[in-house]
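Following: one structure in structure tokens, then a few remarks.
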Amino acid sequence: MRIAVVGGGPGGLTFARVLHRLGRSVTLLERDPGPDARPPGGSLDLQEGLGQLALEKAGLLAQFQALSRPEGQAMRILDVDGRVLRDWHPGADEQANPEIDRRQLRDLLIGPLEVQWGRAVTRVVPENGGAVVHFANGAPESFDLVVGADGAWSRVRPAVSPATAQYTGVTAVETDLRDVDTHRPDLARLVGDGTMAVYGVNRAVVAQRNSGGQVKIYAQFRAPLNWHADLDLTDHDAVRSSLLERFDGWADPVLELLRQGRTFVHRPIHVLPVSHTWTHVRGVTLLGDAAHLMPPLGAGANLAMLDGAELAEAIATGDLDEGVRGFEERMWARAGRWAQITAAGLERLVSPDPAEALALFDRVN
């Protein structure tokens, strides 16, 4: 059987790595020209029973534990005046959701896998019980199964579903600080070992500790998708000024996180329908954000990895199509529950009433 997975993110890599462990070959197609083509993004918290279970299925749990940062589970909440409202630290043996940098996780998952870099897929067409993959460059290729693990704007998804990602009304602008412990120890202390969040009326600032003294900062707010129509997003000084104006009146140490940001990346938050399913199509399936895009509240990568591991196990033995059908049913049920949870969470975290965010933190901790 010829099996291809489109997308070299956590879900696609986990699928390929578990298949490799089970003695099956897979063609891994990634549009990026190389592993360092773009910044990898912030760190991920891998949860017990989700991402960690997927790594166990891949035989990589012990290596993950050696790389991960359990102290990154810490969570601190401030009000807009800078007062600490909550300051939670994990216990010595707490392993519920330790953090790991995306680059470290990617390198761990790739291991012995061969990734075909620079293979941008334009569309996938079901054909003769399998599927044909069309590329931006190069001749089409036929496979018995094509797995779309290519994220929010999946080029595989149209082969099985007409659904497209929709804007939530919440946008985020990402920036970062480097060598914060050395150059800005005051901001290092403000953020702490894990995540620090400040919630205001329909807006928030979230700072996330990464390894190597890096801190990722996300300014989140409710706004139209074209809120930046009069702003050049490539002009980082102008974006910084716009954010400082939007968060005017907040505590100066919080605003300093934005002032010190070097570059800014616009990340509007999109989602697929909460109960996104499709009529089964032989030869094509989806996993991760391609199947169930939801707000970035800690579930996405975890679900994608478990999707990948379970799909690999389902098709490694027995009938290929029946394995895919059974996987889809299980994935839809699990993803539907998490989509409801994360949609409700986004409503409370970026809310007209900042007390909603604090109440949500108290409920889950």
Side-chain angles (χ1 to χ4, degrees), residues 42-45 47 69-99 168-177 180-181 184-210 213-223 240 243-261 267 269 294-300 341-365:
S43 66
L44 297 167
D45 59 324
Q47 301 176 25
R69 293 178 286 108
E71 69 278 9
Q73 298 170 99
M75 182 72 186
R76 175 178 295 165
I77 298 180
L78 280 60
D79 67 13
V80 298
D81 295 323
R83 294 176 298 176
V84 177
L85 303 177
R86 300 288 187 274
D87 196 3
W88 181 82
H89 295 271
D93 299 323
E94 179 63 64
Q95 291 288 339
N97 53 347
E99 297 277 341
T168 60
V170 177
T171 200
V173 179
E174 175 191 317
T175 188
D176 72 309
L177 308 179
V180 66
D181 299 289
R184 290 304 301 263
D186 56 327
L187 297 182
R189 289 190 296 270
L190 178 71
V191 174
D193 291 331
T195 299
M196 183 217 70
V198 187
Y199 298 105
V201 176
N202 285 328
R203 66 202 66 198
V205 171
V206 179
Q208 178 196 56
R209 172 76 71 157
N210 285 215
Q214 185 181 33
V215 172
K216 292 281 188 179
I217 298 134
Y218 304 88
Q220 302 172 342
F221 48 91
R222 292 194 176 274
R240 182 186 296 107
L243 292 177
L244 290 171
E245 181 178 349
R246 189 175 291 271
F247 289 88
D248 183 47
W250 284 36
D252 193 68
V254 176
L255 296 182
E256 192 66 9
L257 293 169
L258 301 177
R259 291 192 191 103
Q260 295 301 315
R267 299 194 184 281
I269 298 175
M294 56 190 74
L297 298 180
I341 292 169
T342 55
L346 184 64
E347 288 297 315
R348 299 184 70 176
L349 293 177
V350 188
S351 162
D353 182 5
E356 285 287 312
L358 194 62
L360 178 61
F361 173 84
D362 289 339
R363 185 171 68 82
V364 300
N365 288 278

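Starting from 1, each residue takes its place in the sequence as its number.
The minimum heavy-atom distance between P70 and P98, with the atom names listed, is CA-CB, 3.9 Å. The nearest pair of heavy atoms linking E256 to R184 is OE2-NH1, 2.9 Å. Across all non-hydrogen atoms, the minimal contact from R222 to V350 is NE-O, 2.7 Å. Minimum interatomic distance between D87 and V84 (heavy atoms only, all atoms of both residues): CB-CG1, 4.0 Å. When every heavy atom of A197 is checked against every heavy atom of V206, the shortest pair comes out as CB-CG2, 4.1 Å.
Using a 4.5 Å cut-off on side-chain heavy atoms (C-beta onward), E99 and R209 make no contact. Counting only heavy atoms from C-beta outward, the side chains of V191 and L177 never approach each other to under 4.5 Å. R240 places none of its side-chain heavy atoms less than 4.5 Å from the side chain of T175. Contact annotation: the side chain of N202 never approaches that of F221 to less than 4.5 Å [non-hydrogen atoms, C-beta and beyond]. Between I77 and Y199 the shortest side-chain heavy-atom distance falls below 4.5 Å. When side chains are defined from C-beta on, D252 counts as touching R259, because their heavy atoms get closer than 4.5 Å. In this structure the side chain of P296 reaches within 4.5 angstrom of the side chain of I269, judged on heavy atoms. Using a 4.5 Å heavy-atom cutoff, the side chains of L244 and L255 are in contact.
The line from CD1 of I341 to CG of L346 is 14.0 Å long, rounded to the nearest 0.5 Å. Put simply, CG on L297 and CG on L349 are 6.0 Å apart, with the number rounded to the nearest 0.5 Å. Taking CZ from F361 and CZ from R76, the interatomic distance works out to 11.0 Å, rounded to the nearest 0.5 Å.
With hydrogens and angles ignored, the 3.5 Å screen pairs no side-chain donor or acceptor of E356 with any backbone N or O of E347. Side-chain N or O atoms of D176 include none that pairs as donor or acceptor with a backbone N or O of E174 at under 3.5 Å. Proximity of a side-chain donor or acceptor of D81 to a complementary backbone N or O of R83 within less than 3.5 Å is not detected.
Among L187, V205, L243, the one residue that satisfies the side chain to side chain contact (heavy atoms under 4.5 Å, CB included) test with I217 is V205.
Electrostatic pairing of R86 and D362 counts as a salt bridge here, judged by a charged N lying under 4.0 Å from a carboxylate O.
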